[in-house]
Participant: 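Here it is, the structure, as structure tokens.
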Amino acid sequence: MSSPPRGLDEALDNLATLAARFLTGEDLDGVRRTDATFLHPGRRIITKNLDAPVRRSSYRAGWHRLAVRLTALAAAAGAAYGYAQSPDAAAQVFTYGGPAVMLATAAGGVAYRVKGRERRELLGEWVEPLHQALADPLGISEHTDPASYLHVPLDFGDDDAEIRIDLPLHLKFNRDQVAELVMQKLALQNASFSWRLAGRDPHLIVKKKDRPPTSLGLDDPGVRDLLASVPESAPLIGLGAGRKKVSVDLDHDSPHVLISAGTGGGKSTILRTIACQFLHNGAQAHILDFKRISHTWARGIPGVTYCRDISDIHDALIDLGAEGHRRIRLAEQLGDDVLATDPDLVGPRNVILLEEINATMAQLRRYWEKIRTSDDPKTSPAIDALAEILFMGRQVRLHVLLVAQSATARALGGPEMRENFSTRILVRYTMNAWKMLVPEVTPAPKPTRHPGRVQVVLGGTARETQVLNLSEAEARAWAMAGVPGQREPLTLRKTPAPAPAPDDRVTDEEEPTTQRAGTETASEDELIGLRVAQQELEGVSLASLRWARINDPEFPDMAGQDGQEYLYRRGELHRWARNRMASGQP
């Protein structure tokens, strides 16, 4: 009996080898690229000098790859058998079922991409760069799948997260170098490293250490004493790693503070915590709240002017800008030596809380376009005033605490305005927001959704901080329990009443029945705005009228509205002013 041809023997041997590889779950080309076995998935590349990245399937256990292959083979065999038994029925199935299968596959692909978006961002933003940094120091192939040995959870920036790094068996690497690279590439501020090198599974566990407190409230041990001990110019923001105090000194570090956060990030809580401490120490505040309800805790507190309407915000910014110029001139006259010993001479400290700058700036522009005349400048004077306040030095004691969801240069009125915020507080930020606001701090730490957890950036350094969370009642009580002082709001743009000419003077007895009564009774039902009323009411400024409208229960009710300006009856305003003077109110 003659033997089979040599070529046939080789073909049969190759077929048998391919079948064995198929059934054992090995790579069909026979190259063993990873340490995967039939029962266990692989972690490391074992073949050197590879010309291409190792496919993810090479890391899977042999049984897993065998199951996939058998499923695909069974599907193909079933389709072929069905076609052989009934070609017409198979053709109808392919005709009508094909589009449905394609649609289902497309829908599944979309769902997979949506569900896996965060994981892909994690791999591209953090895991892959870490792999590129560690491949050479660890002595592993650059073609190694990063996810096969770098186990970085999605929330690795959170307090209880654990990062695991599988190490090569040879252990020929510098541990200090590896630890430093992990800290740098994952932007970890405080971390502990546990090296577990024994046996066939050496690995490294990385965890946070000295993390900020999980939460921070007024009733926590030592918080009240700490809050009472901070300097008047340096309100407490919260506690950082190891419960270290985090604050910003507006007289030395930065006169203004920028808070950048998305919706629900706790922006108003941060503002409330900072503002109530200033009020506690005798400062005054202008709250410019286009949302109208962000700081209801502060309404009625002496020294607080609460502006909700865009017309009021517009005028308040102009008034504050004028006040800043007055203080600059006064500071120039007094000199640095005098102000260094008694800074109150220039005026009381005034903090300006500017909520939702993105929406507010847009509204200010639209409001100015509506009321401006042909002779007025195109740029809103309120926006110009805000820019001037931001450029004023610490000596004027006007401090802007500004909130923005997206603190772009356009939203703030230009890149130069944004540069005046040396202190920036970021919470629930995106990587783009971090690169835009604090590009000097690299890499950006992983944002966390832990309630009250923020990054306070000052002087090129980011400090993870747990913000002090004061409830509205606690903030109000703390503000009201402070140092007594000049609690009335600033009276801005005071315009003295012109003295009457000698020939036109009237006596005190004549004034009520002639001059003042004639103005009031002739048109006491006429509706006028606060700007008109300010010109008629002697000794009453526009700022005082706006403060009284919000805080004085005796102030007349609104009787009408002209656009965005509220209108009141002239007679009621005059009677309110007389009663105010008779009662001795300032």
Side-chain angles (χ1 to χ4, degrees), residues 118-138 140 146-167 173-197 202-216 237-246 260-261 265 424-435 437-467:
E118 288 187 325
R119 188 66 188 176
R120 290 193 302 274
E121 290 178 353
L122 175 73
L123 292 173
E125 188 73 29
W126 302 99
V127 178
E128 182 63 33
L130 178 61
H131 162 66
Q132 293 176 3
L134 290 179
D136 186 59
L138 288 179
I140 61 178
S148 66
Y149 76 101
L150 297 176
H151 309 289
V152 182
L154 287 172
D155 57 350
F156 74 86
D158 288 351
D159 290 351
D160 299 326
E162 181 178 292
I163 301 168
R164 171 180 168 131
I165 300 176
D166 295 328
L167 302 172
F173 52 83
N174 185 309
R175 283 195 276 179
D176 292 338
Q177 182 185 16
V178 171
E180 182 180 358
L181 289 173
V182 171
M183 291 285 289
Q184 291 178 353
K185 300 305 291 184
L186 295 183
L188 301 176
Q189 297 176 1
N190 295 281
S192 64
F193 291 80
S194 300
W195 301 87
R196 303 174 186 181
L197 308 179
H203 59 274
L204 165 64
I205 300 296
V206 184
K207 294 181 178 180
K208 272 190 178 182
K209 72 173 183 179
D210 296 331
R211 59 198 182 195
T214 303
S215 62
L216 188 63
I237 298 175
L239 297 181
R243 297 187 67 87
K244 292 182 178 180
K245 179 182 68 176
V246 179
S260 175
R424 302 176 182 187
I425 302 176
L426 292 88
V427 53
R428 293 190 182 179
Y429 48 86
T430 63
M431 291 296 104
N432 288 335
W434 185 276
K435 294 174 184 177
L437 294 176
V438 283
E440 70 275 11
V441 181
T442 56
K446 180 79 164 58
T448 176
R449 299 190 69 84
H450 186 99
R453 192 63 56 83
V454 305
Q455 293 286 345
V456 179
V457 183
L458 177 63
T461 302
R463 299 181 64 182
E464 187 178 27
T465 304
Q466 184 67 31
V467 171

Participant: Looking at G124 and P129, what are the two nearest heavy atoms and their distance?
Facilitator: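 Looks like O-CD, 3.5 Å.
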Participant: Taking side-chain contact (heavy atoms from CB on, under 4.5 Å) as the test, write out the residues that go with T442, two or more places apart.
Facilitator: none
Participant: I'd like to check the side-chain hydrogen bond (donor to acceptor under 3.5 Å, both in side chains) partners of Q184; sequence neighbours left out, ordered by chain and number.
Facilitator: E180
Participant: To the nearest 0.5 Å, what is the distance between CD (E118) and CG (L123)?
Facilitator: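 E118 CD to L123 CG: 12.0 Å, rounded to 0.5 Å.
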Participant: Minimum heavy-atom separation for G460 and V441, please, with both atom names.
Facilitator: O-CG2, 3.5 Å
Participant: Looking at Q466 and P451, would you say the former's side chain and the latter's main chain have a donor-acceptor pair under 3.5 Å?
Facilitator: yes
Participant: Counting C-beta onward and ignoring hydrogens, is there a side-chain heavy-atom pair between V178 and N174 closer than 4.5 Å?
Facilitator: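 No, side chains not in contact.
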Participant: Go through the structure and list residues passing ring pair (Phe, Tyr, Trp, His ring centres under 6.0 Å) with H450, not counting sequence neighbours.
Facilitator: none
Participant: Any side-chain heavy-atom pair from V467 and L216 closer than 4.5 angstrom?
Facilitator: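 Answer no - side chains too far apart.
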Participant: Please identify each residue that fulfils side-chain contact (heavy atoms from CB on, under 4.5 Å) with L188, with sequence neighbours left out.
Facilitator: F156, I163, V182, M183, L186, A191, V206
Participant: Hey, is CG on D210 packed in by over 12 heavy atoms from elsewhere, all under 6.0 Å?
Facilitator: yes
Participant: Just wondering, do L154 and R119 contact through their side chains at under 4.5 Å, heavy atoms?
Facilitator: yes
Participant: Please work out whether the ring planes of H131 and Y149 are parallel, tilted or perpendicular, with thresholds of 30° and 60°.
Facilitator: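 It falls in the perpendicular class, over 60°.
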Participant: Could you walk me through whether I205 and W195 pass the side chain to side chain contact (heavy atoms under 4.5 Å, CB included) test, one step at a time?
Facilitator: CA-CA 7 Å; I205 300 296; W195 301 87; over 6 Å; no
Participant: Is D166 close to P202 at the side-chain level, that is, under 4.5 Å between some pair of heavy atoms?
Facilitator: no
Participant: Could you give the distance from CG (L138) to CD1 (I165), rounded to the nearest 0.5 Å?
Facilitator: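 It is 7.5 Å, given to the nearest 0.5 Å.
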Participant: Let me confirm one number: the CG-CD distance from D160 to E162, rounded to the nearest 0.5 Å.
Facilitator: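 Interatomic distance, D160 CG to E162 CD, rounded to 0.5 Å: 10.5 Å.
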Participant: Mind checking the CZ-CZ spacing from R428 to R453? Nearest 0.5 Å is all I need.
Facilitator: 12.0 Å
Participant: Applying the side-chain hydrogen bond (donor to acceptor under 3.5 Å, both in side chains) criterion to Q189, which one of R211, K209, Q455, K208 satisfies it?
Facilitator: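 The single option meeting the side-chain hydrogen bond (donor to acceptor under 3.5 Å, both in side chains) with Q189 is Q455.
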Participant: Compare every heavy atom of P212 with every heavy atom of D159, then report the nearest pair and how far apart it is.
Facilitator: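 Of all heavy-atom pairs spanning D159 and P212, the closest is OD2-O, 4.3 Å.
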Participant: Side chains of R164 and L204, heavy atoms from C-beta outward: is any pair under 4.5 Å?
Facilitator: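 When only atoms from C-beta onward are counted, L204 and R164 do not touch, as no gap falls below 4.5 Å.
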Participant: Flag the pair L150 / W126 as yes when at least one side-chain heavy-atom distance between them is below 4.5 Å, and no otherwise.
Facilitator: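 In short, these two side chains do not touch, never coming nearer than 4.5 Å.
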Participant: Could you tell me which non-hydrogen atom of P153 sits nearest to which non-hydrogen atom of A161, and how far apart they are?
Facilitator: CG-CB, 4.3 Å
Participant: Would a 4.5 Å heavy-atom cut-off, applied to side chains only, mark P213 and L239 as touching?
Facilitator: yes
Participant: From I237 CD1 over to K245 NZ, what is the distance, rounded to the nearest 0.5 angstrom?
Facilitator: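 These two atoms lie 11.0 Å from each other.
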Participant: Applying salt bridge (charged side-chain N to carboxylate O under 4.0 Å, His left out), can you list everything that pairs with E121, at least two apart in sequence or on another chain?
Facilitator: R117
Participant: My understanding is that only residues two or more places apart in sequence, or in another chain, count here; which of them pass side-chain contact (heavy atoms from CB on, under 4.5 Å) with V246?
Facilitator: V456, R463, T465
Participant: For a quick test of reading the model, state the closest non-hydrogen atom pair linking V457 to A462 and the distance between them.
Facilitator: CG2-CB, 4.0 Å
Participant: Side chains of V454 and Y429: closer than 4.5 Å at any heavy-atom pair?
Facilitator: no
